[in-house]
Amino acid sequence: MQGSADDPGLIGLAVDDIFSNIQKIVNREFLIRVSYMEIYNEDINDLLAPENRKLQIHENLEVGQPTNLVKRITS
């Protein structure tokens, strides 16, 4: 999924596609939110915060997304 420099894999291709489409639209500001989690043997792990293991995902109906994943904002 992660790939290499020669074969970027699913994550690399998806990120490239998102940002190439954003660059085509010049008069708009975008906010991108990404969760990076692993589901393995029925355990959910937040890969952006390795200390968060075996998460219980609960969706907040007001926000419409899982509420206990780490959020990092970069520009």
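Reckoned from all heavy atoms, side chains included, excluding hydrogens, waters and symmetry mates. This is a predicted model, so every value here is computed, not measured.
- Under the side chain to side chain contact (heavy atoms under 4.5 Å, CB included) criterion, Glu38 pairs with Tyr40, Asn45, Leu47, Arg53, not counting sequence neighbours.
- Cluster membership for Val34 and Val15, using ILVMFWY side-chain heavy atoms within less than 4.5 angstrom, is shared.
- Between Asp16 atom CG and Asn21 atom CG the span is 11.0 Å, to the nearest 0.5 Å.
- In this structure, Asp43 has no side-chain hydrogen bond (donor to acceptor under 3.5 Å, both in side chains) partners at least two apart in sequence or on a different chain.
- Under the side chain to side chain contact (heavy atoms under 4.5 Å, CB included) criterion, Asp6 pairs with Ser4, not counting sequence neighbours.
- When every heavy atom of Met37 is checked against every heavy atom of Ile44, the shortest pair comes out as SD-CG2, 3.9 Å.
- Partners of Phe30 according to the side chain to side chain contact (heavy atoms under 4.5 Å, CB included) rule, which considers only residues two or more places apart in sequence or in another chain, are Ile22, Ile25, Arg28.
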